[in-house]
Amino acid sequence: MARRFLVTSGLPYSNGRLHVGHLAGAYLPADIFVRYLRSKGEDVLFVCGSDDNGVASLMSARKEGVPVQDLVTRYNAFQKEDFSRVGVEFDVYGGTHHPDFVEMHERISQGFFRSIHEKGFFEKKTSKQLYDVEAKQFLPDRYVEGTCPNCGNPDAHGDQCDRCGSTYDQIELIDPKSTVTGTTPELRETTHWYLRLGEFETPLREWLEAKREPHGDQPAWRDTVLNFALGQIKQGLPERAMTRDLHWGVPVPLDDPDAEGKVLYVWFDAPIGYVSFTAQHCADHGGDWKEYERWWKDSETRIVHFIGEDNTVFHALTWPAMMQAEGSYQLPAQVVANSFLNVKLGDTEEKFSKSRGNAVWLGEFLNEFDPDPLRYYLTAIAPESARTAFDLADLVQRNNSELLGALGNYVNRTLTFLQRFYEGVVPEVGERDERDLAQLARVAETQASMEKNLDAYRFKAALGDLMALARETNAYFNDKEPWKVRKTDPAAGGTILNVCAQTVKGLAVLMAPFLPYSAEVTREMLALPEGSLRWQDATVELPSGHVLGEPRLLFRQYELSEEQPTD
RNA sequence: GCCGGCGUAGCUCAGUUGGUAAGAGCGUAGGAUUCAUAACCCUAAGGUCGGUGGUUCAAUUCCACCCGCCGGCACCA
């Protein structure tokens, strides 16, 4: 019986386009995992969308001089296109303020908030904050500058000084200025609802401690996630305001004058986006939005969140606490967090940074390169346990020597050989010797190993298994010397090529989650029907006499040119 | 400062519960071969597993300290 998985990727903020670092962290691994599950016939829903609310999109809109709704809708569309071009196929790509999703998102977010409110987990508190009269908004720390109360540095930020390193409350800042309008903000009182996270310390700790061990078909969580989350609990979880003074977002759904003009904290409504996008998807495919409960409240579903390391605290602590407070949701079965991807330029390694202009934008990259080499490279260097660096020279190198040299070359030499000397037909199986049988067994062994690694979210290792098979198969081809054998004993040569053809089919199935485009081309060259690359069919043999399609090259050589798409 | 992570062959990295595992890929150098996108195959190189102590019959793998790099400790997403 098929298992059920609800897979999510962290919502990208809809105020910018995507770079390869985004892809490597939360999206590509999730897509590979989903493709793997699908090919096994599991019941999967893959959910993502843009995070449209909050201050950041508001600020970007102000900077670009466009209405915020236009901005987020535009970037949502860009992201959707970029993902599609690199083969990341979500079942639903929503947006927390996208016209097609905003109504559902508000309904579910507000219901979620009200439910927690009724259970008494919020605390209403009043505090003083800086308010920009001209911009008509309260100012988060990053939008205030002034003189450091500690060292007198005139260029200190709202909450900390870069010169002396001290931190302080924004209201201590001397001569504060709004970075939005440049005006001097005034101190105003404001009321917010705080989630008492402290009440969930014990249940969260027990829940997380249990994740150090495997559960059912789920492996233990990565240490990086557990250490970080448990460390936070050890330090004590503070109350956190779940509302903000903004006009852009989900209105606070309380019949209280103090809730006037306030919205939910963006990090409160963002994870609920996973739920509301699911609900909208159910409404659009079948008609009943309430079907989302099958995915979110039925313990038969495994909820798997793929995120970047910066989201760990929210997915391993805040979001589970919210779910526990709300009461009717089941907690995530797995939170897969990846580290950041740096970028290597020459000999220096640095973070992707818009201001430094070193980001490798996905859209631009795909204008120069095919999606599979990028998917291959980002998986091969996946920052699963530590940060790694994207290096274009390394990508080109690996594309040429590994992807093309080992995998592409093997597929090509086999299929062109069959085309030239065996009329493009899978030859008869003669007598298979030990080496032939060992070669065929290697396909099954590789599949088993990949399965073990994929089930444990070890994508880099699974890809390594695949490539090892490709290399070994090249050795098989060389050792068997079919180009000699076919002349002296055509039937024996046919037996060798039969084994080679079976291996090509196995590789097509096994590469599909990682290299979907190349797998499709291989499927066509093998003249197999669409949708036939099922995981369990990797070792089901092509029958003798099966007529193959026209061979084509899977990969092309890249050269490191002067004009690299890293600018 | 406190907490966490990392530091293994030229490069990128694997190393499960401590004991013939010190490994893979790439790069480099030889050799072989021609079916294949000058691709593929074979062989070699020998890195004090960041440093110093300690536990142990035995440590890259456990502990302590030190050095170096990175991250977290924000009403920032």
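Numbered from 1 within each chain, the chains take letters A, B, ... in sequence-line order.
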Value in whole Å for how far the [atom2] atom of [N] lies from [atom1] of [X]:
X	N	atom1	atom2	result
A/F138	B/A74	CZ	C1'	19 Å
A/F314	B/G72	CZ	P	13 Å
A/F459	B/C13	CZ	C1'	18 Å
A/L407	B/C40	CG	P	12 Å
A/R471	B/C40	CZ	P	11 Å
A/K460	B/U12	NZ	P	12 Å
A/L395	B/C26	CG	C1'	14 Å
A/I381	B/C13	CD1	P	8 Å

Using a distance-only test with no angle check, is there a side-chain donor-acceptor pair under 3.5 angstrom linking [X] and [Y]?
X	Y	value
A/K262	A/T190	yes
A/N478	A/R413	yes
A/Q439	A/T473	yes
A/N15	A/S57	no
A/D132	A/S178	yes
A/N399	A/R556	no
A/D465	A/S449	yes

> What pattern of brackets, bars and dots sums up RNA chain B from 5' to 3', given Watson-Crick or G-U wobble pairs under 3.5 Å, [ ] for crossing pairs and | for another strand?
Replying inline: (((((((..((((.........)))).((((.........)))).....(((((.......))))))))))))....
I want to know whether [X] and [Y] have ring centres closer than 6.0 Å.
X	Y	value
A/F369	A/Y558	yes
A/F306	A/Y27	no
A/Y274	A/H305	yes
A/F314	A/W319	no

Looking for any heavy atom pair under 4.0 Å, which part of the strands does [X] touch: base, sugar-phosphate only, or nothing?
X	result
A/A475	sugar-phosphate
A/K234	nothing
A/D51	sugar-phosphate

> What residues form a ring pair (Phe, Tyr, Trp, His ring centres under 6.0 Å) with A/F138, not counting sequence neighbours?
Replying inline: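 If we apply the ring pair (Phe, Tyr, Trp, His ring centres under 6.0 Å) test to A/F138, skipping adjacent residues, the hits are A/Y131.
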>> How would you summarise protein contacts on nucleotides 28-39 of chain B per nucleotide, using B for base, S for sugar-phosphate only and - for none, with heavy-atom distances below 4.0 Å?
In response: -----SSBBB-S
> Base, backbone or nothing for each nucleotide of nucleotides 3-8 of chain B, written B, S, -, heavy atoms under 4.0 angstrom, 5' to 3'?
Replying inline: -SS---
Pick the [atom1] atom in [N] and in [M], then give their distance to the nearest Å.
N	M	atom1	result
B/U52	B/A59	P	14 Å
B/G19	B/C62	C1'	14 Å
B/C67	B/G51	P	15 Å
B/U48	B/A22	P	16 Å
B/C40	B/A32	C1'	11 Å
B/G54	B/U61	C1'	16 Å
B/C6	B/C63	P	12 Å
B/A36	B/A21	P	41 Å

> Parallel, tilted or perpendicular for A/Y422 and A/F417, by the 30°/60° rule?
Replying inline: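 The arrangement is parallel - the two ring planes meet at less than 30°.
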> Does A/E213 pair with A/K211 as a salt bridge, N-O distance under 4.0 Å?
Replying inline: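 Salt bridge absent between A/E213 and A/K211.
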> So which one's nearest nucleotide on RNA chain B is more toward 5', A/R458 or A/N53?
Replying inline: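 The 5'-side residue here is A/R458.
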Acceptor/donor pairs from residues 371-381 of chain A side chains to any protein atom, 3.5 angstrom cut, sequence neighbours excluded:
residue: A/D372; atom: OD2; partner: A/Y517; partner atom: N; Å: 3.2
residue: A/D372; atom: OD2; partner: A/S518; partner atom: N; Å: 2.6
residue: A/D372; atom: OD2; partner: A/S518; partner atom: OG; Å: 2.6
residue: A/R375; atom: NE; partner: A/F514; partner atom: O; Å: 2.9
residue: A/R375; atom: NH1; partner: A/D31; partner atom: OD2; Å: 3.0
residue: A/R375; atom: NH1; partner: A/V86; partner atom: O; Å: 3.0
residue: A/R375; atom: NH1; partner: A/G87; partner atom: O; Å: 3.3
residue: A/R375; atom: NH2; partner: A/D31; partner atom: OD2; Å: 2.7
residue: A/R375; atom: NH2; partner: A/P513; partner atom: O; Å: 3.0
residue: A/Y376; atom: OH; partner: A/E402; partner atom: OE1; Å: 2.5
residue: A/Y377; atom: OH; partner: A/D391; partner atom: N; Å: 3.1
residue: A/Y377; atom: OH; partner: A/D391; partner atom: O; Å: 3.4
residue: A/Y377; atom: OH; partner: A/D394; partner atom: OD2; Å: 3.2
residue: A/T379; atom: OG1; partner: A/R375; partner atom: O; Å: 2.8

>> Heavy atoms from C-beta onward define the side chain here; which of B/A77, B/G25, B/G72 lies closest to that of A/Y13?
In response: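 Out of B/A77, B/G25, B/G72, the nucleotide with an atom closest to A/Y13's side chain is B/A77.
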>> Which residues in residues 244-252 of chain A have a heavy atom closer than 4.0 Å to any atom of RNA chain B?
In response: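 None, since no heavy atom is under 4.0 Å.
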